[in-house]
Amino acid sequence: MCNDHTEHAMGRRGLLVTGAAAALTLGTVSFANAAPDKGGNGDGTGTDTRTVRGTLPTGSPDYVYLPVDVPRGVREIRVSYSYERPTVPAGTQGNALDIGIFDERGTALGGNGFRGWSGGARTEFFIRADEATPGYLPGPVRSGTWHIALGPYTVAPEGLAYEVTITLTYGSPGRTPRPVHPPERAKGRGRAWYRGDCHLHSVHSDGRRTPAEIAAGARAAGLDFINTSEHNTSSSHAAWDGLWDDDLLILTGEEITTRNGHVVAIGMDAGTFVDWRYRARDNRFGHYAREVRRAGGLVVPAHPHATCIGCNWKFGFGDADAVEVWNGPFTPEDEVALASWDNTLVSAARSGRPWTPAMGSSDAHRDPDPIGTPQTVVLADELSREAILAGIRAGRSYIAESAAVSVTFGASGGRGQHAGIGERLRVADDAPVTVRLEVTGAPAGSSARIVTDQGTLHTVALPESGAGTVEWRTTAEYATYVRAEVRRPPASPGLPGLPGPFVALTNPVFLGGKSA
């Protein structure tokens, strides 16, 4: 039996500012009159339901919390919601409302209360000890004040009218299974170039593929490793049991999706959750970047020049371990990201200060989004979490549109000196340097380019076979660094100077750093 109570628009309890984005807390939903046998079964089972309706105005805080007093004896909490989507004039944002939940441990920024987030990907979810909706963490439904988190992503001029329904099911709580996480090492091939896709979405956030489908797609794309990167949740970390093997390393991470940009955390300790409820103005990103590193992961701003609302990167790159310059099928946004990243190399080149490597990932969500387009190819001592992250951090990597494309790139000086991708060739400024690029698997009509701090200085059309070798000679005085690009023909041949889409691009080789 279901007892349905309706409570209308609740008054504000207060506007809370806790060092993060402002949050509005609504009045509490009470189940105080409920009892374990409320369902009328006389055996401590049954359900009880409350429904809340309200309207959020334009200019609402980023997060609105709906407290729910959960009594003892609850086996499951289930939440569903809906909201109005009125037609708005062109150029005006309509309504979009995200949802998640925190348990009785509270909503403190970086606290332990997080139990799940689905953003706008689903309209209902449940949590109980033995199971939970993807995006949410299974575990006991303990008594206390839980908080449903509403995120008014955009609000139409007439406001955002919503309805939230909470159903408690009473009964024996059941047991929470011990999570099984992926191992940190696969068999691999020893020191080799390993291919990976570090930005993927499954049903645990707004993707449509299951973990099994992603693992199969990764193998079909010729990948050696992948990284889980669900929006604002760690729920998928325990969803890969039986899907790894000697040929596929599965790293655990998160796409930390703030209102001022997204950052992919790569290869964190399994089970780690990193909070996202802050903007650049709150001066909190550095703290959470350190949290990622303390969990053994890398901090990688994703699609930094994307034009979707909240996607453009506003936090600066001082805390980044790498930056995603190529996200999914090539677009002009990637061209801007590449140019912006390239501009940062000059200041690091002569000073010897740390530089930020580039990487690329597919950001695949559903069919027909291709997994592994693009992919980051990393030189690592072994196929392990530690070795792969070390290779990415050092910039010993290049980006390719598929496993069909392979690149070898480096620079040589006198006395047998050589430096590969991500390294420095320490030669005198006036010493001759030979730059060599080898390409295989490029599409017909592709060209190879040598790029320095002055721009593109050498372009060669590759043979129709897609395989070729390019050599170019320079000095450290003339070229502060060199990197390579392989591109398809321009999409608009009539526009001079407009390059074509990427086939591959490398991190730089730095030149110089040794007196004459």
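All of these numbers come straight from a predicted model, not from anything done at the bench. For reference, positions follow the sequence shown, starting with 1.
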Next item on the list: Could you pull out all residues at least two apart from Ala280 that satisfy side chain to side chain contact (heavy atoms under 4.5 Å, CB included)?
Entry: Asn260, Lys314, Phe315
Check: Given the side-chain rings of Tyr136 and Phe126, with only the six-membered ring counted for Trp, is the space between their centroids under 6.0 Å?
Finding: no
Next item on the list: Return each pair, listed once, that meets disulfide bond (SG atoms under 2.5 Å apart) where at least one residue sits in residues 306-337; pairs must be two or more places apart or across chains.
Entry: Cys308-Cys311
Notebook entry, point to check: Hey, is Arg385 close enough to Asp269 for a salt bridge, meaning N to O under 4.0 Å?
Noted result: yes
Hey, can you pull the donor-acceptor pairs under 3.5 Å for the side chains in residues 292-299, sequence neighbours left out?
unit_1: Arg293; atom_1: NE; unit_2: Asp321; atom_2: OD1; d: 3.2
unit_1: Arg293; atom_1: NE; unit_2: Asp321; atom_2: OD2; d: 3.3
unit_1: Arg293; atom_1: NH2; unit_2: Asp319; atom_2: O; d: 2.3
unit_1: Arg294; atom_1: NE; unit_2: Glu291; atom_2: OE2; d: 3.3
unit_1: Arg294; atom_1: NH2; unit_2: Glu291; atom_2: OE2; d: 2.5

Give the table of side-chain donor-acceptor pairs shorter than 3.5 Å for residues 98-105, with sequence neighbours excluded, one pair per line with atom names and distance.
unit_1: Asp98; atom_1: OD1; unit_2: Gly120; atom_2: N; d: 3.1
unit_1: Asp103; atom_1: OD1; unit_2: Arg105; atom_2: N; d: 3.0
unit_1: Asp103; atom_1: OD1; unit_2: Arg105; atom_2: NE; d: 3.2
unit_1: Asp103; atom_1: OD2; unit_2: Arg105; atom_2: NE; d: 3.2
unit_1: Asp103; atom_1: OD2; unit_2: Arg105; atom_2: NH2; d: 2.7
unit_1: Asp103; atom_1: OD2; unit_2: Arg115; atom_2: NH1; d: 3.2
unit_1: Glu104; atom_1: OE2; unit_2: Arg142; atom_2: NE; d: 2.7
unit_1: Glu104; atom_1: OE2; unit_2: Arg142; atom_2: NH2; d: 3.4
unit_1: Arg105; atom_1: NE; unit_2: Asn112; atom_2: O; d: 3.3
unit_1: Arg105; atom_1: NH2; unit_2: Asn112; atom_2: O; d: 3.2

Check: Does NZ or CZ of Arg122 fall inside the cone over Phe125's six-membered ring, less than 6.0 Å from its centre and within 45° of the axis?
Finding: no
Checklist line | Parallel, tilted or perpendicular, as decided by the 30° and 60° cut-offs, for the rings of Tyr63 and Trp117 | finding: perpendicular
Notebook entry, point to check: Of all residues at least two apart in sequence or in a different chain, which pass the side chain to side chain contact (heavy atoms under 4.5 Å, CB included) check with Ala216?
Noted result: none
Check: Between Arg488 and Glu401, does at least one N-O distance fall below 4.0 Å, as a salt bridge requires?
Finding: yes
Next item on the list: Please identify each residue that fulfils side chain to side chain contact (heavy atoms under 4.5 Å, CB included) with Ser235, with sequence neighbours left out.
Entry: Leu137, His204, Thr233
Item checked: Any pair counted as salt bridge (Lys or Arg N to Asp or Glu O under 4.0 Å), so long as it reaches residues 224-244, sequence neighbours left out -> Arg189-Asp224
Item checked: side chain to side chain donor-acceptor pair (under 3.5 Å) contacts in which one or both residues fall within residues 389-400, not counting sequence neighbours -> Ser397-Asn507
Notebook entry, point to check: Going by the salt bridge (Lys or Arg N to Asp or Glu O under 4.0 Å) test, which pairs reach into residues 210-223, not counting sequence neighbours?
Noted result: Arg219-Asp247
Margin query: Suppose we screen for ring-ring contact (aromatic ring centres under 6.0 Å, His included). Which residues come up paired with Trp341, at least two apart in sequence or across chains?
Written below: none
For residues 324-333, which side-chain donor-acceptor pairs fall under 3.5 Å, sequence neighbours excluded?
unit_1: Glu324; atom_1: OE1; unit_2: His303; atom_2: N; d: 2.9
unit_1: Glu324; atom_1: OE1; unit_2: Asn327; atom_2: ND2; d: 2.7
unit_1: Glu324; atom_1: OE2; unit_2: His199; atom_2: ND1; d: 2.9
unit_1: Trp326; atom_1: NE1; unit_2: Gly328; atom_2: O; d: 3.0
unit_1: Asn327; atom_1: ND2; unit_2: Asp363; atom_2: OD2; d: 3.3
unit_1: Thr331; atom_1: OG1; unit_2: Glu333; atom_2: N; d: 3.3
unit_1: Thr331; atom_1: OG1; unit_2: Asp334; atom_2: OD2; d: 3.4
unit_1: Glu333; atom_1: OE2; unit_2: Thr307; atom_2: N; d: 3.3
unit_1: Glu333; atom_1: OE2; unit_2: Thr307; atom_2: OG1; d: 3.1

Note to self: Tell me every residue that passes side chain to side chain contact (heavy atoms under 4.5 Å, CB included) with Thr154, counting only those two or more places apart in sequence or in another chain.
What the structure shows: Gln93, Ala96, Ile309
Check: Should the pair Phe317 and Trp313 be assigned to parallel (<30°), tilted (30 to 60°) or perpendicular (>60°) ring geometry?
Finding: tilted
